[in-house]
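All of these numbers come straight from a predicted model, not from anything done at the bench.
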Amino acid sequence: MNFSDIQKQEQQNIMPTYGRFPVAIVRGTGAAAVDSEGKTYLDFTSGIGVNALGYSDAKWAQAVAEQAATLQHTSNLYYTKPQIELAQMLHEKSGFGKVFFANSGAEANECAIKLARKYSTDQYGEQRTKIVTLVNSFHGRTITTLAATGQDTFHHYFNPFTEGFVYAEADNMDSVRDCVDDHTCAVFIELIQGEGGVRPLSPEFVRELAAFCKNRDILLMVDEVQTGIARTGKLFCYEHFGIQPDVITSAKGLGGGLPIGACLCTEALGQVLNSGMHGSTFGGNPVACAGALSVLERVSEQPFLKEVTEKGAYLQEKLSKIEGVSEVRGMGMMLGAVLENTQAKDVAAACVEHGLLILTAKTLLRLLPPLNISYEEIDRGMEILEQVIRSCSASNKNRKG
């Protein structure tokens, strides 16, 4: 099938929920993707942070294939070795006491919300269920996680949304205090607001928030769906801030390309949700867990994390030197570039034509390359991006002139 055939069938059979670029990816290796017409692209998106080790990593593919040929699925009424091994590795690498496996970041966040409300109901009664999130946050696309998302643009069309969420301003403890009352059970944050424009929270705010929550027995929950699994140069982003959350959620890079989510909690919260209170048909699927084990055992090693930090600093320096980029923000290999004279969506579209896949977030470019991308590939990507920004800027000047 050529691209025209693929596009036609997509339009005939799939709900139009995605604003797709005119590319059909058919295969890939590392940071290189190949489309249906044979064109090769340098991918700085990692499937929106999912392909932590790039396309078709050999060890990951072998682990997945061997598990698929052994046991592809059984229900959670029975034990499976890959699920237990992944839980043990997460415990050892993160220090958290217990985990629940889901299929996505939104599902992991749903578990965190249920866990917080159940804990507070047990301890303080059924009225203590309110959760504070931050303005400009993003926590998923289910009805409940949309309600938790602190962006008005997501609060249309699907009423009634789940109640019990209020939104404080990021980096503003006074705003948090105004939102918290006797009915508050948790504060739920992203340490870098990814979909909200790659906006890191200030360390001072995060540390003060952690102390504030601890003093009131309000759970501090951190959404690490995009920031976790070595993306920022630590296994989880909260490690940069010197805090210990009560709950964190993970997904995206954990599976290396297969659907998996995880909600991790402290040992003290480990028995809050018991038999029948939560569940998932596919959560902790043996094949997904086998893939996650292959990813986690490598990205959690200190030499790998050090390399992510160094490559992230190198990429940030390269980005900041491009004419037309006014600001670069983020951590590790999760970066956003603010543009001066061009629109991010126009640059992203033009990059596709030149063989570079790149993301946007709000009004800026967002870069989430594979964590094992080479320096040579970073250089080549930045050369393409610089060329495209220069071209787009010149076109804008000509139109204005």
Side-chain angles (χ1 to χ4, degrees), residues 105-106 109-110 112-117 119-120 123-124 127-156 159-228 232 236-249 327 329-331 334 336 338 361-364:
N109 288 343
E110 290 265 357
I113 291 163
K114 289 177 71 173
L115 176 62
R117 287 179 169 168
Y119 169 76
S120 222
Q123 299 296 318
Y124 301 101
Q127 300 305 309
R128 200 174 190 258
T129 58
K130 187 167 73 172
I131 296 175
V132 178
T133 68
L134 299 182
V135 174
N136 205 46
S137 61
F138 182 84
H139 296 290
R141 294 185 183 274
T142 67
I143 292 296
T144 295
T145 54
L146 281 175
T149 293
Q151 298 186 53
D152 289 341
T153 186
F154 289 104
H155 299 159
H156 302 293
N159 286 302
F161 288 94
T162 306
E163 62 183 15
F165 296 95
V166 294
Y167 317 107
E169 294 178 7
D171 291 339
N172 186 337
M173 275 305 302
D174 289 337
S175 180
V176 172
R177 292 187 187 94
D178 289 343
C179 289
V180 169
D181 59 24
D182 292 340
H183 302 306
T184 303
C185 68
V187 177
F188 198 14
I189 62 172
E190 302 162 281
L191 292 167
I192 304 174
Q193 295 182 331
E195 300 295 331
V198 194
R199 295 184 177 277
L201 301 184
S202 76
E204 296 78 15
F205 169 76
V206 172
R207 288 193 289 267
E208 187 175 357
L209 175 63
F212 175 85
C213 290
K214 185 175 182 179
N215 289 339
R216 291 158 180 78
D217 197 23
I218 294 170
L219 299 188
L220 178 60
M221 308 196 300
V222 178
D223 182 335
E224 293 260 16
V225 168
Q226 193 167 143
T227 56
T232 67
F236 291 106
C237 188
Y238 77 84
E239 298 174 62
H240 291 286
F241 292 81
I243 62 167
Q244 179 56 58
D246 299 292
V247 180
I248 65 170
T249 57
E327 180 187 359
R329 55 191 185 226
M331 292 183 186
M334 180 179 179
V338 180
K362 297 287 190 181
T363 60
L364 81 170

Report task. Begin from the C-alpha positions of Lys130 and Cys185 and carry the test side chain to side chain contact (heavy atoms under 4.5 Å, CB included) through to its verdict. Result -> CA-CA 6 Å; Lys130 187 167 73 172; Cys185 68; over 6 Å; no

Query raised in the report: Can you tell me if Thr227 and Glu224 form a side-chain donor-acceptor pair at under 3.5 Å?
Result: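 Side-chain D/A pair, Thr227 to Glu224: present.
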
Requested in this report: Classify the side-chain pair Tyr124/Asp217 by whether it contains a donor and acceptor separated by less than 3.5 Å.
Outcome: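 Asp217 and Tyr124 do have a side-chain donor-acceptor pair below 3.5 Å.
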
Output the distance between atom [atom1] ([X]) and atom [atom2] ([Y]), rounded to the nearest 0.5 Å.
{"X": "Ile218", "Y": "Lys214", "atom1": "CD1", "atom2": "NZ", "result": "14.0 Å"}
{"X": "Leu191", "Y": "Ile189", "atom1": "CG", "atom2": "CD1", "result": "4.5 Å"}
{"X": "Asp152", "Y": "Phe154", "atom1": "CG", "atom2": "CZ", "result": "11.0 Å"}
{"X": "Glu190", "Y": "Thr133", "atom1": "CD", "atom2": "OG1", "result": "9.0 Å"}

May I ask you to test the [X]-[Y] pair for a side-chain heavy-atom distance under 4.5 Å?
{"X": "Leu364", "Y": "Arg329", "answer": "yes"}
{"X": "Leu219", "Y": "Val187", "answer": "no"}
{"X": "Met173", "Y": "Glu204", "answer": "no"}
{"X": "Met221", "Y": "Asp246", "answer": "no"}

Please check if the side chain of [X] supplies one atom and the backbone of [Y] the other of a donor-acceptor pair under 3.5 Å.
{"X": "His183", "Y": "Gln127", "value": "yes"}
{"X": "Arg117", "Y": "Thr129", "value": "yes"}
{"X": "Arg199", "Y": "Gly330", "value": "no"}
{"X": "Gln123", "Y": "Ser120", "value": "no"}
{"X": "Asp171", "Y": "Ser202", "value": "yes"}

N/O donor-acceptor pairs under 3.5 Å from side chains in residues 162-170, not counting sequence neighbours:
from	atom 1	to	atom 2	distance (Å)
Thr162	OG1	Thr144	OG1	2.8
Tyr167	OH	Ala147	O	2.5
Glu169	OE1	Asn172	ND2	3.0

Query raised in the report: Taking only residues two or more places apart in sequence, or in another chain, which ones meet Ile243 in a side-chain contact (heavy atoms from CB on, under 4.5 Å)?
Result: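 If we apply the side-chain contact (heavy atoms from CB on, under 4.5 Å) test to Ile243, skipping adjacent residues, the hits are Val206, Arg207, Ala210, Leu220, Tyr238, Phe241, Pro245.
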
Query raised in the report: Under 6.0 Å from the CG atom of Asp182, do we count more than 12 heavy atoms belonging to anything else shown?
Result: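 12 or below, so no.
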
Report task. Take Phe188 and Asn109 through the test side chain to side chain contact (heavy atoms under 4.5 Å, CB included) and record every step on the way to the result. Result -> CA-CA 9 Å; Phe188 198 14; Asn109 288 343; 3.3 Å; yes

**Report entry** Sole candidate of Thr249, Thr142, Thr145 that passes side-chain hydrogen bond (donor to acceptor under 3.5 Å, both in side chains) when paired with Glu110
**Finding:**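 Result for side-chain hydrogen bond (donor to acceptor under 3.5 Å, both in side chains) with Glu110: Thr142.
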
Do any side-chain atoms of residues 134-141 form donor-acceptor pairs under 3.5 angstrom with protein atoms, and if so which ones, sequence neighbours left out?
from	atom 1	to	atom 2	distance (Å)
Asn136	ND2	Gln193	OE1	3.1
Asn136	ND2	Gly196	O	2.7
Ser137	OG	Leu134	O	2.7
Ser137	OG	Gly150	N	2.9
His139	ND1	Asp223	OD2	2.9

Query - Worked verdict on Ile192 versus Thr232 for side chain to side chain contact (heavy atoms under 4.5 Å, CB included) - result: CA-CA 10 Å; Ile192 304 174; Thr232 67; 4.0 Å; yes

Report task. Determine, step by step, whether Glu195 and Gln226 satisfy the side chain to side chain contact (heavy atoms under 4.5 Å, CB included) criterion, reporting the C-alpha distance in whole Å, the side-chain angles of both residues, the deciding distance to 0.1 Å, and the verdict. Result -> CA-CA 9 Å; Glu195 300 295 331; Gln226 193 167 143; 3.8 Å; yes

